[in-house]
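Chain naming here is simple, since letters A, B, ... match the order of the sequence lines and numbering starts at 1 in each.
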There are 2 protein chains.
Amino acid sequence: MTMAQGATADSASKTLMGSVYDRLRRDIVDGELRPGARLRFDELKESYGVGLSPLREALTRLAAEKLVILEQNRGFHVAPISRSDLNDLLLMRQEIESLAILRSIERGDDQWESAIVAAIHALGKRQSLTAEGHIDPEWELRHRTFHDSLVAACDSPRLLLYRQQLTDHADRYRRLSHHYVSSGRDHLAEHCALSDAVVARDAEAANRLIRQHLARTVEIIQADEDLQKSGLED
Amino acid sequence: MTMAQGATADSASKTLMGSVYDRLRRDIVDGELRPGARLRFDELKESYGVGLSPLREALTRLAAEKLVILEQNRGFHVAPISRSDLNDLLLMRQEIESLAILRSIERGDDQWESAIVAAIHALGKRQSLTAEGHIDPEWELRHRTFHDSLVAACDSPRLLLYRQQLTDHADRYRRLSHHYVSSGRDHLAEHCALSDAVVARDAEAANRLIRQHLARTVEIIQADEDLQKSGLED
DNA sequence: ATTTCTATAATTTTCGAAAATCAATAGAAA
DNA sequence: TTTCTATTGATTTTCGAAAATTATAGAAAT
């Protein structure tokens, strides 16, 4: 029994490649690993404490999701960020999210509705910023739970898979822009309006509101000059 | 210099994992590797003539695209097929293809139009079936080229990536259903109507026609009782 | 000074063996 | 006869070293 360095509790009873994939993904999405950064195996072996095989597999998987880039015999890099990529991401998110919500509206049952009402309620009970001005992790969790609840009835594995991948990319941009929450934006009002439209099965309004919601986040990120320093180009 | 068994000419100057990925993908999409088939490393090493590392990486990449399934410590399998999966695939294809075409209609220039006209012309010059009743590879190539030409101006890397992945899945179902071409269907008429609508920038008609086109293919596949034997369940 | 070539160093890619895990079977106990 | 446990066998997963490739630095030539 060599298996020991299980790091995060939940990585128990998982393959090494599985847990190193999770950790790499989180580090990239959290911005710990900077956009464009070179990923050398010697360093990765050091910092993640695993051998080549699970590392290469995890990176290959991340490359398929476009969170990292693989260049022939020249190694892996964290995917760069750019304005045009952010615009492309917004476009796809608007289409995929709205599609998932519209299908959920068509197919959702009472239990689906209840989960949304519960999620928006829980979200409203929590401030997005802590006393120190940082984003509250618990708020982030409830925020994700709320958005997930909206699409939970869409009944399409592929739609949910693509949505998940796009959300990862969006989260990365969002977290690279530190103060994305503190821009005087009324999150709760937006979320409530969205929740109301969905629960009322108002497809037209839900479609309009989710697209607006996603677009506003991107506007804030685009305006963040700090992000230039993270390597945002065209 | 150990590199030698480059199989298909184009795999030169490519990494081993890259070419074994290409070969595995083709074998799966072509139905050579049956749905649900177990992929044991001993056998794969034998038949593809490479070591474990490039094989595992290639399979990991294919797993991310859902062409193969990875189960913890229980190996890789070719992704199974099912009616519900085929329906899910159709749903996503209709959305993604129509979106790509509509964006191309908005953004395409004269050169884009010309390429479509050229592609539909080339497609019309070729019979889909050979004298022996098989699908003509040259027709398949022109068919793909035509459909690609329709979306060539959509200007969205993510949209094109997802479209490519969905097309791979669709091609697999289509090829598992041997006589998908020979069902008395008038391909050329459908393609011409689609081409005309797109070149005329008639978004409404193009949207309707592409969705119909995709749905008809699925109808034929669903009706193919041969496919039951390939493992099509719910 | 600039370029080109060669030798060296750094890094990725691949292989083969060791370790870990899962499936199957046989044997013991109920 | 059935159920449970231990052992064997088959297979995946992981490691560490070898091979191949790319990058770097210095020397020679223009």
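Regarding contacts with the backbone of dC22(C), every side-chain N or O of Arg74(B) stays at 4.0 angstrom or more from both OP1 and OP2. Phosphate proximity of dT14(C) to Thr15(B): present, with a side-chain N or O under 4.0 Å from OP1 or OP2. In this structure, Asn73(A) does not reach the dT12(C) phosphate: none of its side-chain N or O atoms is under 4.0 Å from OP1 or OP2.
For the pair Asp42(A) CG and dA9(C) P, the computed distance is 16 Å after rounding to whole Å. Distance CD (Glu57(B)) to C1' (dT12(C)): 10 Å, rounded to an integer number of Å. Taking atom OH of Tyr48(A) as the reference point, atom C1' of dT14(D) lies 19 Å away to the nearest angstrom. For the pair Gln72(A) CD and dA23(D) P, the interatomic distance rounds to 12 Å; values are reported in whole Å. Glu71(A) has its CD atom 12 Å from the P atom of dT22(D), to the nearest Å. In this structure, the CZ atom of Arg40(A) is 17 Å from the P atom of dT22(D), given to the nearest Å. Counting to the nearest Å, the P atom of dT11(C) and the CG atom of Leu70(A) are 17 Å from each other. The nearest whole Å value for the distance from the CG atom in Leu44(B) to the C1' atom in dC15(C) is 16 Å.
Two residues are said to be in side-chain contact when any heavy atoms from C-beta on lie closer than 4.5 Å; His147(A) and His213(A) meet this criterion. With a 4.5 Å cut-off on side-chain heavy atoms, Gln222(B) and Asn87(B) count as touching.
Comparing atom distances between the Met17(B) side chain and each of dT12(C), dT14(C), dT11(D) picks out dT14(C) as nearest. Checking dC15(D), dT12(D), dA17(D) against every side-chain atom of Arg56(B), the shortest atom distance belongs to dT12(D).
Each of Leu52(B) and Arg38(A) lies near DNA chain D, and the nucleotide nearest Leu52(B) is the one positioned closer to the 5' end.
Heavy-atom contacts from other residues, nucleotides or ligands closer than 6.0 Å to CZ of Arg107(B) number more than 12.
If you check the side chains of Arg158(A) and His169(B), you find a donor sitting under 3.5 Å from an acceptor. Judged by distance alone, the side chains of Asp88(B) and Ser156(A) do bring a donor and an acceptor atom under 3.5 Å apart.
Applying the Watson-Crick and G-U wobble criteria (two distances, each under 3.5 Å), dC15(D) pairs with dG16(C).
Counting any heavy atom pair closer than 4.0 Å across all strands shown, Leu55(A) reaches no nucleic acid atom. Among the atoms of the strands shown, none is found under 4.0 Å from any heavy atom of Leu59(B).
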